[in-house]
Amino acid sequence: MPELPEVETVRRGLEPAMTGHVITQADVNREGLRWPFPPDMAARLTGARVLGLRRRSKYILADLDRGETLLIHLGMSGRMLVSGLQIGHFHHDHPAPEKHDHVVLTMETGARITFNDARRFGAMDLMPAGDNHPLLAALGPEPLGNMFDADYLAARLKGRNTPVKSALLDQRIVSGLGNIYVCEALFRTRIDPRRLAGSLTAAEVAHLVPVIRTVLEEAITAGGSSLRDYRQVGGELGYFQHSFRVYGREGLPCPECGANIRRIAQSGRSTFFCPSCQSA
DNA sequence: ACCACTACCTGAAGGC
DNA sequence: TGCCTTCAGGTAGTGG
């Protein structure tokens, strides 16, 4: 589910509820999600103050006092919902617990952060303060950061015999893109997703970099894309899905040329593209 | 080293 | 109504 724009939207939404505040209660309702939770997770969270929230790729990192950082991944269906935030005179009540509410953090303010994840592909772990976690070790650069530029991407795609679609999904090359935004970026650059990564010209790679940035920034501005599970922290839908040009639009007309959008499978994932605009 | 594929899990949607 | 199949925003691990 959540790709970089969705995770960044969640991070921003958690900020007012968490940053600077103490976690007064941690309710952990199962042993783990994709992996077991770390030992004594509830006790290690209880009483900790959240110093700040960062995002690395599709991970949210909550820096705690006491020298630990909480790592969160939403997997495919994970949601973080905030309730009970006091806004002016309006008090938002806590909703009834729902199926798949796995971890609930209660803050000193009375706000509550609920991690809900139907498919349980998400993850939570605690690590020593910083970025030193095995899941972060091999990640490529942030697509919105300075390290990600045409020279870098060209070097990483060079010699690769996998389709460019699959290469851009590889988090070791660039971290944070997922199926939606790769399809959308390739459409906007008119690059055929079936092309081998190593076959792209320097000009095509140079075009791809700023287009990837633009797509991600537009999606963040829209609060992400809501297809089924994803919600912003207040339960609101994102609305970038209304701006999809090819993703999920099989059989519909291409917004550029009117040809029918096609869906194919690449590395076991659906790829949507315009067979006319994006022809090798 | 590289690449394709499986597995993990639940739920929604579509066909019959 | 219900059963069965397919598909879904991710990614670690396996095996060719």
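The chains referred to below are lettered A, B, ... by the order of the sequence lines, with proteins before strands, and numbering in each begins at 1.
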Engineer: So, is Ser77(A) near the phosphate of dG11(B), with a side-chain N or O under 4.0 Å from OP1 or OP2?
Structural biologist: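 No, because none of the side-chain N or O atoms of Ser77(A) sits under 4.0 Å from OP1 or OP2 of dG11(B).
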Engineer: What's the CD-P distance between Glu250(A) and dG14(B), to the nearest Å?
Structural biologist: 13 Å
Engineer: Just compare dG11(B), dC7(C), dG10(C) and give me whichever is closest to any side-chain atom of His100(A).
Structural biologist: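 Selected nucleotide (nearest to the side chain): dG11(B).
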Engineer: Is any side-chain N or O of Arg120(A) closer than 4.0 Å to OP1 or OP2 of dG10(C)?
Structural biologist: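 Answer is no, no contact under 4.0 Å.
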Engineer: Whole angstroms only, please: what is the NE2-C1' distance between His73(A) and dC8(B)?
Structural biologist: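 So the NE2-C1' distance, His73(A) to dC8(B), works out to 14 Å.
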Engineer: Heavy atoms only, 4.0 Å cut-off, all strands: where does Leu135(A) land among base, sugar-phosphate and nothing?
Structural biologist: sugar-phosphate
Engineer: So which nucleotide does dG2(C) pair with, by the Watson-Crick or G-U wobble rule with both distances under 3.5 Å?
Structural biologist: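 dC16(B) - that is the nucleotide pairing with dG2(C), both distances being under 3.5 Å.
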Engineer: Salt bridge between Asp170(A) and Arg156(A), side-chain N to carboxylate O under 4.0 Å?
Structural biologist: no
Engineer: So for Arg34(A) and dT11(C), does any side-chain atom that can act as donor or acceptor lie under 3.5 Å from a complementary atom in the base?
Structural biologist: yes
Engineer: Mind calculating the distance between CZ (Arg119(A)) and C1' (dT6(C)) to the nearest angstrom?
Structural biologist: 12 Å
Engineer: Under the criteria of a ring-centre distance below 5.5 Å and an interplanar angle below 30°, is Phe121(A) stacked with the base of dC8(B)?
Structural biologist: yes
Engineer: Decide, yes or no, whether a salt bridge links Glu142(A) with Arg56(A) under the criterion of side-chain N to carboxylate O below 4.0 Å.
Structural biologist: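 Salt bridge: yes.
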Engineer: Considering only side-chain heavy atoms of Tyr59(A), which listed nucleotide, dA12(C), dA4(B), dG10(C), is closest?
Structural biologist: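 For Tyr59(A), the side-chain atoms sit closest to dA12(C).
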Engineer: Round to a whole Å and report the spacing from CD of Gln266(A) to C1' of dC5(B).
Structural biologist: 15 Å
Engineer: Between the side chains of Thr109(A) and His21(A), is a donor N or O closer than 3.5 angstrom to an acceptor N or O?
Structural biologist: no
Engineer: Arg160(A) has a side chain; which of dC3(B), dG11(B), dA12(C) sits nearest to it?
Structural biologist: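 For the Arg160(A) side chain, the nearest candidate turns out to be dC3(B).
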Engineer: Taking only the side-chain nitrogens and oxygens of Gln171(A), find out if one of them lies under 4.0 Å from OP1 or OP2 of dT11(C).
Structural biologist: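 Gln171(A) to dT11(C) OP1/OP2: side-chain N or O found under 4.0 Å.
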Engineer: Would you mind telling me which of dA4(B), dA12(C), dG10(C) lies closest to the side-chain atoms of Thr162(A)?
Structural biologist: dA4(B)
Engineer: Taking the side chain of Ser267(A) as its heavy atoms from C-beta onward, which of dC9(B), dG11(B), dA4(B) lies nearest to it?
Structural biologist: dA4(B)
Engineer: Does Arg54(A) come within less than 4.0 Å of Asp63(A), counting only side-chain N to carboxylate O?
Structural biologist: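 So Arg54(A) pairs with Asp63(A) through a salt bridge.
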Engineer: Quantified in whole Å, what is the P atom distance between nucleotide dT14(C) and nucleotide dC9(B)?
Structural biologist: 16 Å
Engineer: Arg79(A) near the nucleic acid: base, sugar-phosphate alone, or nothing, with a heavy-atom cut-off under 4.0 Å?
Structural biologist: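 Since no nucleic acid heavy atom lies under 4.0 Å of Arg79(A), the category is nothing.
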Engineer: From CG of Leu136(A) over to C1' of dA12(C), roughly how many Å is that when rounded to an integer?
Structural biologist: 14 Å
Engineer: Between Asp117(A) (CG) and dC8(B) (P), how many Å, whole number?
Structural biologist: 16 Å
Engineer: Answer yes or no: does a side-chain N or O of Ser270(A) lie under 4.0 Å from OP1 or OP2 of dA8(C)?
Structural biologist: yes
Engineer: Is any NZ, NE, NH1 or NH2 atom of the basic residue among Arg213(A) and Glu217(A) found under 4.0 Å from an Asp or Glu carboxylate oxygen of the other?
Structural biologist: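 Looking at Glu217(A) together with Arg213(A), the answer is no, because their closest N to O distance does not fall below 4.0 Å.
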Engineer: Can you check the Arg269(A) CZ to dC3(B) C1' distance for me, whole Å?
Structural biologist: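 Answer to the nearest Å: 16 Å.
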Engineer: Indicate, with a heavy-atom threshold strictly under 4.0 Å, whether Gly178(A) touches base, sugar-phosphate, or nothing.
Structural biologist: sugar-phosphate
Engineer: Could Arg190(A) and Glu204(A) be called an ion pair, given the rule that one side-chain N must be under 4.0 Å from one carboxylate O?
Structural biologist: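 Salt bridge absent between Arg190(A) and Glu204(A).
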Engineer: Specify the separation, in whole Å, of atom CG of Leu33(A) and atom C1' of dT10(B).
Structural biologist: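 Value for this atom pair: 13 Å.
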Engineer: Given dT10(B), is OP1 or OP2 found less than 4.0 Å from the side-chain N or O atoms of Lys99(A)?
Structural biologist: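 Looking at the OP1 and OP2 atoms of dT10(B), neither is under 4.0 Å from any side-chain N or O of Lys99(A).
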